[in-house]
Amino acid sequence: MALKNRWLALIGLTLSVLVIGFDTTILNVALPTMAADIGADTGELQWIVDSYAVVYAAAMLPAGLLGDRFGRRKMLISGLVIFLGGSVIGMLVSSPGPLIVARTVMGLGAALIMPLTLSVIPTLFKGEEQTKAIAIITVGVSIGLPLGPLISGWLLEHFWWGSVFVINIPLIAMGIVACSLLLPETRDPSSPNIDMVSTVLGILGLGALIYGVIEAPAEGWGDPVVLGSMAAGVLMLTALVLRERRQSRPMVDLELLRNYAFRWNTVFLILGMFVFMGLMFVLPQYLQVVQGHDAFGTGLRLMPLMAGMIIVAKAVPPLTSRFGTRPLVVAGLTLMGLSMLLGSTTDTGTGYGFTVLWMTLTGLGVGFVMVPALDSALATLPKGKEGTGSGLNTTLRQVGGAIGIALLGSLLNAQFTDRLDTDGVPDQAADAAKESVVAAQMVAARLDMPQLARSAESAFVHGMGVVLLVCGLAGLAAAVLAAFKLPDSRKAKSQETGDQAQAESLSGPAEGARQ
């Protein structure tokens with residue numbers, strides 16, 4: 001393929017993954033608007049976000065095998081078409097159920113897009129160009145994260161709530177055209193068959209577990225359906241692990257978790273994603289509903305959280321070379337924990353300046369955890385296992401994010417429902433008010449009960465404070481764990497360099513003898 005065409009193809013691929021970055025964060029700013037416009041309660045809002053994350057995480061496992069078997073270009077284009085279809089459905093629907101379906105379809109498309117985009121890069125680029133191309137793809141996803149809230153806010157200010165899906169359509173369409181015209185078709189005939197049983201166990205197991213966590217605040221933790229759902233989820237995920245351990249060529253290579261450095265770096269990556277996605281569910285509602293900012297203003301005010309992560313991404317490589325991964329991750333977890341403990345002191349009268357302070361510090365902390373931990377986790381993978389290990393790492397991070405939204409969102413919901421004062425409110429209106437802070441404010445406005453609106457704000461801020469307190473304590477506990485469990489990446493690198501030098505010195509005389 002001509003040089004020009006290869007780089008044009010890369011542009012198309014980058015546009016394709018850009019929407020994955022968008023859709024990780026773009027809906028969060030729209031949550032209060034959706035609660036008002038389509039009547040979504042807190043549990044439904046969690047599912048609107050989590051349905052995408054759950055399917056994305058679980059369906060990513062067989063995606064690489066599908067590409068190997070049926071053609072990487074063909075399956076990548078299929079993923080783009082599926083994602084486009086989900087976006088069109090999301091744009092047109094007007095109630096929570098169909099919107100959750102649309103997000104599920106988009107998650108399935110994303111699960112094909114991301115791993116297959118990375119798998120076709122080696123067919124276009126070699127050597128240093130390949131490294132540069134992967135970096136461009138990674139930047140494409142990363143840029144989507146901070147742009148999501150800004151673009152979502154701007155669209156919501158000028159158009160209807162469904163417009164947040166419209167931005168995907170031209171980008172995906174260009175990606176489809178670029179992949180169709182510019183990518184060569186490649187496959188691996190020796191790839192193993194797709195294990196549909198493992199695929200189904202992964203998707204249903206995660207879905208059942210998260211369903212139980214999301215529904216528990218509304219139905220009660222002792223509810224038979226909630227308990228049965230969580231138990232079924234755990235059993236299916238256990239069955240998945242046991243089944244994969246017996247496979248000669250597993251879809252999920254759990255043996256990689258025996259690698260000490262890979263395992264513990266992945267653990268802290270999961271924690272970082274857990275906190276980040278949980279905050280991205282809670283913060284937009286706080287900024288819009290409690291502090292009274294419009295949608296675009298909310299997106300703008302989330303930038304300190306994103307900025308902290310972006311600043312760290314640039315600073316980490318030289319710091320890692322000098323100090324190693326462990327001190328940076330421990331420092332990041334400590335900073336993350338302390339900043340969220342600071343945020344937990346927020347009350348209804350707290351101004352945005354205080355929010356900026358703890359959000360920025362949290363972003364810095366999350367960045368110091370995730371960037372070096374990801375680099376170290378992938379650097380420790382054995383040769384030939386890079387693709388499988390990267391897929392497992394990405395899946396586990398997505399699972400961490402999905403559980404963060406489910407668990408922290410449910411904690412917030414439980415605290416809000418418990419603290420909301422509905423004395424004097426008619427029973428039907430009181431039930432509606434307990435669905436979400438937005439619903440409570442709408443009921444308060446309809447019944448002209450300002451005390452209900454104030455109680456809703458106070459209850460929501462209390463719930464957010466509890467969420468931040470839990471995250472802060474978990475961050476500090478994890479910092480102590482990281483100090484003892486994370487290996488010194490500099491020693492590992494030094495050992496690897498020494499082994500390589502020894503191998504070269506041993507091969508040198510042998511080569512001289514042959515000559």
Side-chain angles (χ1 to χ4, degrees), residues 25-36 40-43 45-46 48-49 146 148-150 152-153 156-157 217 274-308 336 339-363 366 404-420 433-442 444 452-472:
T25 57
I26 200 168
L27 272 194
N28 295 88
V29 170
L31 293 177
T33 305
M34 287 190 288
D41 60 29
T42 300
L45 293 177
Q46 287 172 274
I48 288 168
V49 180
L150 279 179
S152 174
L156 291 169
E157 285 300 299
F274 175 95
V275 170
F276 175 73
M277 292 306 297
L279 285 179
M280 286 301 295
F281 182 81
V282 172
L283 277 171
Q285 297 181 74
Y286 168 70
L287 291 170
Q288 265 181 272
V289 180
V290 178
Q291 293 208 338
H293 302 296
D294 59 26
F296 181 71
T298 297
L300 203 60
R301 285 168 176 81
L302 284 171
M303 286 303 101
L305 179 65
M306 303 295 189
M336 190 172 75
S339 61
M340 286 187 291
L341 288 180
L342 184 65
S344 70
T345 63
T346 300
D347 58 36
T348 52
T350 302
Y352 176 65
F354 181 73
T355 308
V356 169
L357 173 63
W358 70 261
M359 265 203 307
T360 304
L361 294 175
T362 300
V366 171
I405 293 166
L407 198 57
L408 298 179
S410 294
L411 179 60
L412 171 67
N413 190 23
Q415 294 295 318
F416 171 78
T417 304
D418 184 60
R419 293 287 287 244
L420 182 65
K434 290 179 180 179
E435 290 180 355
S436 69
V437 64
V438 174
Q441 291 198 329
M442 291 174 67
L452 177 61
R454 288 193 297 271
S455 175
E457 291 183 6
S458 176
F460 183 88
V461 171
H462 170 76
M464 186 180 79
V466 173
V467 166
L468 291 172
L469 179 64
V470 169
C471 288

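Since this is a predicted model, take the numbers as computed values, not measurements.
For the atom pair Glu457 CD and Gln291 CD, the distance stands at 10.0 Å (nearest 0.5 Å). Going from atom CG of Leu469 over to atom CE of Met464 covers 12.0 Å, rounded to the nearest 0.5 Å. Between the OG1 atom of Thr360 and the CH2 atom of Trp358 there is a distance of 10.0 Å, given to the nearest 0.5 Å. Interatomic distance, OG1 of Thr348 versus OH of Tyr286, reported as 8.5 Å (0.5 Å rounding). Interatomic distance, Leu411 CG to Leu468 CG, rounded to the nearest 0.5 Å: 10.0 Å.
Leu420 places none of its side-chain heavy atoms less than 4.5 Å from the side chain of Phe460. Considering only heavy atoms from C-beta on, Leu302 comes within 4.5 Å of Pro284 through its side chain.
Scanning both residues, Gly465 and Ser344, for their nearest heavy atoms gives O-CB, 3.3 Å. Taking each heavy atom of Ala459 and Arg419 in turn, the nearest pair found is CB-CB, 3.8 Å.
Of the listed residues (Leu361, Val275, Leu341), just one forms a side chain to side chain contact (heavy atoms under 4.5 Å, CB included) with Met336, and that residue is Val275. Each of Val289, Val466, Val290 was compared with Val461 under the side chain to side chain contact (heavy atoms under 4.5 Å, CB included) criterion, and only Val290 meets it.
A donor-acceptor pair under 3.5 Å links the side-chain atoms of Thr346 to the main chain of Gly343, judged by distance alone. Not one N or O on the side chain of Ser458 forms a donor-acceptor pair closer than 3.5 Å with the backbone of Arg454. In this structure, the side chain of Ser455 does not engage the main chain of Leu452 through any donor-acceptor pair within 3.5 Å. Using a distance-only test at 3.5 Å, with no hydrogens or angles considered, no donor-acceptor pair links the side chain of Tyr352 to the main chain of Leu287. At least one donor-acceptor pair under 3.5 Å links the side chain of Arg301 to the backbone N or O of Gly297. Of the possible donor and acceptor atoms, none in the side chain of Thr417 sits under 3.5 Å from a partner among the backbone N and O of Ala414.
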After noting the C-alpha distance and the side-chain angles of Met340 and Val467, does the key distance pass the side chain to side chain contact (heavy atoms under 4.5 Å, CB included) rule? CA-CA 9 Å; Met340 286 187 291; Val467 166; over 6 Å; no
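Between the side chains of Asp347 and Thr350, at least one donor-acceptor pair of N or O atoms lies under 3.5 Å.
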